[in-house]
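What follows is a set of notes on a single structure, which appears directly below.
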Amino acid sequence: MREAGKIVAEVLQEMGNSVKVGITTAMLNKIAEKIIRSHKAEPAFLGYHNFPASICTSVNSEVVHGIPGLRRLEEGDIISIDVGVRVKGYHGDAAATFAVGSVSREAQNLIDVTRISLQKAVEAMQEGNRLSDVSYAVQRYVESNALSIVRSYVGHGIGEDMHEEPQVPNFGQPGRGPVLKPGIVLAIEPMVNIGSWEVKVLKDQWTVVTADGSLSAHFEHTVALGDNGPVILTSPN
Ligand code: MG
């Protein structure tokens, strides 16, 4: 899983270098797939429930599961890119939101709060804590910054399958659910909206957008709980 995570991290780093005004989301997909295959790994999203691409690209009010295509990124856009990799039978899964050129102060704040909410979740993933302590850490941070956390899509366990038990909601009361023990691996993935938390799915059956058209950001890491605390497997370092 470390190996899968490193490849995911490399792809996301390259996505950060590649995101710029004028590039299409299909071009980003091509770059990502090339890196994944160069490691003799497979893009885990490609063909998953018939998803047609190797990464998800979700622009502005798109929350998750956007399909790469001919859309060209414009100055001031934000784009969330989600990457899943399978290698030697194990998975890594991570996402990040990038600014295209210079973005509004609101958009940058959304990106920053979402990224930090993931850090808060990782810090809560400690032996002896309960699963919902992770969920609560995200919700508390996001809502204390007057943003809203998406309810209908959640993080997940990950390993030999990309999506395993347990589900990892980004909201909820603390102190509930299973006690966390070393060995558990979770894909934690807050999705945060500027407006309301409600979302809907477009006619393409994939793209999830905010119901009110407000901007949305998404960060994700695959995190293992080790004997000395959480280890981010999809970290570049
Ligand atoms: Mg995921």
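First listed ligand is number 1; within each ligand, the first listed atom is number 1. Computed from a predicted model, the values in this text were never measured in an experiment.
Side-chain contact annotation: Glu164 with His91, donor-acceptor N/O pair under 3.5 Å absent. Between Ser102 and Glu75, the side chains place a donor N or O and an acceptor N or O closer than 3.5 Å (distance only, hydrogens not considered).
Distances from the Mg ion (ligand 1) show that His156 has an N/O/S atom below 2.8 Å. Inclusion of Asp82 in the first shell of the Mg ion (ligand 1) is not supported: no N, O or S atom falls under 2.8 Å.
Looking only at its N/O/S atoms, Asp93 has OD2 as the one nearest to the Mg ion (ligand 1).
Vertex the Mg ion (ligand 1); arms to Glu189 OE2 and Glu220 OE2; angle rounded to 10 degrees, 90°.
Of the listed residues (Val150, Asn170, Val192), just one forms a side chain to side chain contact (heavy atoms under 4.5 Å, CB included) with Val142, and that residue is Val192.
Looking at heavy atoms from C-beta onward, Asp133 lies out of side-chain contact with Leu180 at the 4.5 angstrom threshold.
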